[in-house]
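Below: one structure, written as structure tokens.
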Amino acid sequence: MNMKRIVSILALLLALITVLAIPAAASSSYQTYTYSIGGKPLYSPDAYSAYQSLGAADMGLDALGLNNPADLVTDDQENVYIADAGNNRIVILNRYYRDPKYISTFVNSQGIDDSLSNPQGVFVTKDHIWVCDTDKARIVVFDRSGNFEFEVAEPEDALFGDNSVYRPVAIAVDDFGRLYIVSSTTYQGIIVMAKDPETGVYVFRTFVGAQAVTISAWQIIWRRIRTEEQKKISENLVSTEFNNITYTPGVSSGSGYIYVTTSSIEANTAQAQIKKGNKAGDYMPVKMLNTAGNEIMRRNGFYPPVGEVDIFGNYNKDTMSSGVSKIIDVACGPEQTWSIIDEKRSKIYTYDFNGNLLFAFGDKGSMLGAITNIEAITYQGDTMLVLDKSNNCMVVYERTEYGDLLLEAIAAENSLDYTYAIQCWRSVLQHNSNFDAAYVGIGNALYRSGEYEASLEYYETAYDTDNWSNSYREVRKEWMSDYFLLLILIIVVVLVAVIKFFGYAKKVNKKAATDGRERKTFWQELMYGFYTIFHPFDGFWDLKHEKRGSLRAALVFVALTIVAFFYQAIGQGYVLNATGSFATIWSQALGVLVPMLLFVIANWCLTTLFEGEGSFKDIFVAVSYCLLPIPMLVIPATFLSNFVTTDEAGIIQLVTTLAFIWMGIMVFFATMVTHDYSMGKNLLTFIFTIVGMAVIMFVAVLFTTLVGKIVSLITNIVTELQYRA
């Protein structure tokens, strides 16, 4: 092989290595994701990428560096403020994270040398720097140059109680100069203080945003039986304290919003809210309040903004990352987006103004972008800054091209440029086809442009039933205006047909009762079901003693019930079955026959011992006739579910519930009449029948398990014999 060929091969290998190599900057220590409607993570491109991690030397700090930093904010000039709690000072950096200045000691209003002590929170307005001097229980105010101006003393009011302790850890100031203070030991809510117009001193005004509390059954009983002395000694049902707060101005003066967080909600309470998809703010770890203190957060996403949704996923014993998120800070970003941080996982969750999760990212670790102990978060224009408490450093994240696209789409929506918003959201989908908020964004833009029917497809893709209902309501309104007379005619025809049918059934049943024939026709046996549903006492007596029904008719009612549930499984409208789930007719048959036969067997076994007059066949036939309300109500309810919105879905569910209640009442009276029991005896028998069903299921499972083990043993023995032979 000559030298020229060797050089060519080496050049080719070098080119391949260059193409296949992954640049170090492109790798990431975390995975960005959102959540599906089923609570499963959907991976997405990074919206923010870690740019650098700044330690004390990188920021040019003095020998003290950072020690236990507690808070992080920026001002309108993008300067950075760090509450360096361990060093009893506030560190101020310029927009490039250099040229540090410090607020530590000062001469107070009495002309005495003073200093900060464990400052946990800082907030910056146009003219002032507001510092929570935690250990000295006060708010100290400086001008933007760091010169002392005044201090706000501990609030005094009877609402605080005699044993209350004031420890300010976070503060926000609104456009009117009102102070919203979070005290780590105050449970009544956020402390609101305002300047007295006469004295110019800040005084206590009220509490706002108090969290709801959960009361267990035992607590309810205990509250009733406690003595007056015990009530005075303790009262455990207090609200939850908050841990952080921020304020963001609105589009007009005085229309800003207060975001406040808490990590003290009971884990089982938060977990229950996540499972139920409860979007009320009572038990949420983050709230948005208006300046009047009213909770106004929009929670339109699949899950409320609580941080982690898959609370049992990706469990890591080293990081203890299972369970509900521990939310400790909130920051307001551009275009009304906002982010919260989870101390337990060192993750960041970002939402839009409507509460839709835009992206989540972060993790514990030592690589760039991973944070050992996340403590605080703030925005600096297009950049996100995060404090790492354990490493005493600040991590800088820069917005990526994908993040720019997201923000551009949200900005287009906020500016009501819906045509451009559609283009932006489609560009987002080209990068991330799993992003449901993009489909919702396109649907919203089409809806606001009056293209209601076109928006339905995008809402369906994202399983957004609320917005889908708004569009469908407009589509239905147009359709009803075009076919109003036809619709009225159809309703009248259906009502007349139903009335005529029940009138016909009444005539058939009356004729069957007076014709003197002992054996009824199959049609008469079927029509008799419409008599029993309105006259259970006479109906079930004649069903047994006058032979008005039969086993063949009973089987028809069972089959109709199976068909009704099968139709419900495949034919429900989008609002009630957004994910398009369905079930086979065989699974529906098992769902009807198994509980029905369990009830019949348990009731027959029990009533045989307690002088019941009904045979196994009598009970089966009677219970089968009781099933008639199910197909009679479920089938039309399922059909109508295709024409309702979310506000009207409750009516469909109510009709279905009434069908089950009607059936249950009929089963109760059917067994009572069939066995000729009194009301009390039948009630007792009914309860023990339910218990008997549970016993039969337990024995069946036990027997099945035993048979399975015997079969496995025999199979193993045969296999062993074959092997040795």
Side-chain angles (χ1 to χ4, degrees), residues 25 48-108 113-134 139-150 170-173 246-248 329 331-334 339 368-369 371-399:
Y48 280 84
S49 63
Y51 175 67
Q52 58 183 336
S53 178
L54 301 173
D58 302 308
M59 293 182 280
L61 302 184
D62 57 21
L64 293 177
L66 290 177
N67 182 11
N68 198 28
D71 200 9
L72 176 69
V73 297
T74 56
D75 62 18
D76 53 356
Q77 302 298 318
E78 296 189 352
N79 298 312
V80 181
Y81 300 75
I82 302 174
D84 188 9
N87 289 323
N88 301 315
R89 64 185 183 179
I90 302 297
V91 177
I92 306 174
L93 305 171
N94 63 20
R95 61 185 301 178
Y96 306 108
Y97 324 119
R98 300 289 188 275
D99 190 21
K101 297 180 178 62
Y102 308 98
I103 300 177
S104 178
T105 59
F106 55 93
V107 178
N108 62 29
D113 289 339
D114 207 340
S115 62
L116 300 177
S117 180
N118 189 29
Q120 292 288 314
V122 59
F123 189 84
V124 183
T125 57
K126 181 179 179 181
D127 300 315
H128 296 103
I129 303 169
W130 305 76
V131 179
C132 292
D133 196 8
T134 305
I139 305 296
V140 185
V141 186
F142 304 88
D143 64 21
R144 289 285 289 268
S145 298
N147 302 309
F148 171 81
E149 291 209 346
F150 61 92
I171 183 174
V173 185
T246 193
Y247 174 81
T248 181
D329 197 11
C332 298
S339 300
L368 178 62
I371 299 174
T372 303
N373 188 0
I374 197 167
E375 179 65 19
I377 182 174
T378 191
Y379 280 89
Q380 186 194 40
D382 296 340
T383 303
M384 184 185 292
L385 308 178
V386 175
L387 268 184
D388 188 339
K389 188 174 185 177
S390 293
N391 294 322
N392 292 316
C393 67
M394 181 174 66
V395 182
V396 181
Y397 297 88
E398 291 189 337
R399 202 166 62 221

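Since the model is a prediction, treat every value here as computed from it, not as a measurement.
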Fill in: Side chain to side chain, I90 and F142, heavy atoms closer than 4.5 Å
no

Practice prompt. Kindly state whether the ring of F148 and the ring of F106 have centres lying under 6.0 angstrom apart.
Written response: yes

Discussion item. Using side-chain heavy atoms (C-beta onward) and a distance below 4.5 Å, is I129 in contact with I92?
Written reply: yes

Worksheet item: Does the D329 side chain pair with the main chain of I377, one donor and one acceptor, at a distance under 3.5 Å?
Response: yes

Discussion item. Which heavy atom of D99 sits nearest to which heavy atom of N94, and what is that distance?
Written reply: CB-ND2, 3.6 Å

Worksheet item: From S390 OG over to N68 CG, what is the distance, rounded to the nearest 0.5 angstrom?
Response: 9.0 Å

Fill in: Residue from T105, N108, D133 passing side-chain contact (heavy atoms from CB on, under 4.5 Å) with D114
N108

Worksheet entry | Exam field: side chain T74 to backbone Y379, donor-acceptor pair closer than 3.5 Å | yes

Worksheet item: Is the shortest heavy-atom distance from the side chain of D76 to the side chain of V124 under 4.5 Å?
Response: no

Discussion item. If you count every heavy atom of other residues, nucleotides or ligands that lies below 6.0 Å from Y51 atom OH, does the total exceed 12?
Written reply: no

Worksheet item: Roughly how far, to the nearest 0.5 Å, is CG of L64 from CG of D84?
Response: 8.0 Å

Discussion item. Quick check against the 3.5 Å criterion: does N87 have a side-chain atom that pairs as donor or acceptor with the backbone of G65?
Written reply: yes

Discussion item. Can you tell me how far apart CZ (R144) and OG1 (T125) are? Round to the nearest 0.5 Å.
Written reply: 7.5 Å

Practice prompt. Supply the atom-to-atom distance L66 CG to K389 NZ, rounded to the nearest 0.5 angstrom.
Written response: 12.5 Å

Worksheet item: Does the side chain of L93 come within less than 4.5 Å of P100's, by heavy atoms?
Response: yes

Discussion item. Donor-acceptor check, side chain of D388 to backbone of T372, threshold 3.5 angstrom: yes or no?
Written reply: yes

Discussion item. So, taking the atom named CD in E375 and the one named CG in N392, what distance separates them when rounded to the nearest 0.5 Å?
Written reply: 10.5 Å

Worksheet item: Would you say the side chain of D58 lies within less than 4.5 Å of the side chain of Y97, judging by non-hydrogen atoms?
Response: no

Worksheet item: Just by modelled atom types, is the E78 backbone N or O under 3.5 Å from a matching donor or acceptor in the Q380 side chain?
Response: yes

Worksheet entry | Side-chain H-bond candidate by donor/acceptor type, T134 with N118, under 3.5 Å | no

Worksheet item: At their closest point, which heavy atom of L61 faces which heavy atom of Y102, and how far apart are they?
Response: CA-OH, 3.4 Å

Fill in: Closest approach of A83 to G121 (non-hydrogen atoms, all atoms of both residues)
CB-N, 4.4 Å

Worksheet item: Does D71 use its side chain to pair, donor to acceptor, with the backbone of V122 at less than 3.5 Å?
Response: yes

Worksheet item: Are Y48 and T383 side-chain neighbours, meaning at least one heavy-atom pair lies under 4.5 Å?
Response: no

Worksheet item: Under the side-chain contact (heavy atoms from CB on, under 4.5 Å) criterion, do V396 and L385 qualify, and how do the steps go?
Response: CA-CA 5 Å; V396 181; L385 308 178; 3.8 Å; yes

Worksheet item: Can you check side-chain contact (heavy atoms from CB on, under 4.5 Å) on V386 and I371, steps first, answer last?
Response: CA-CA 9 Å; V386 175; I371 299 174; 3.2 Å; yes

Worksheet entry | Shortest non-hydrogen separation from F123 to T246 and the atoms involved | CE1-OG1, 4.3 Å

Discussion item. Quick check: closest heavy atoms across M59 and L54, and the distance to 0.1 Å?
Written reply: CE-O, 3.6 Å

Worksheet item: Atom CZ in F150, atom CD1 in I139: separation rounded to 0.5 Å?
Response: 10.5 Å

Worksheet item: Below 4.5 Å, heavy atoms only, C-beta onward: do M394 and V80 meet side chain to side chain?
Response: yes

Item to complete: Work out which heavy atom in A85 is nearest to a heavy atom in P119; give both atom names and the distance.
Response: CB-O, 3.4 Å

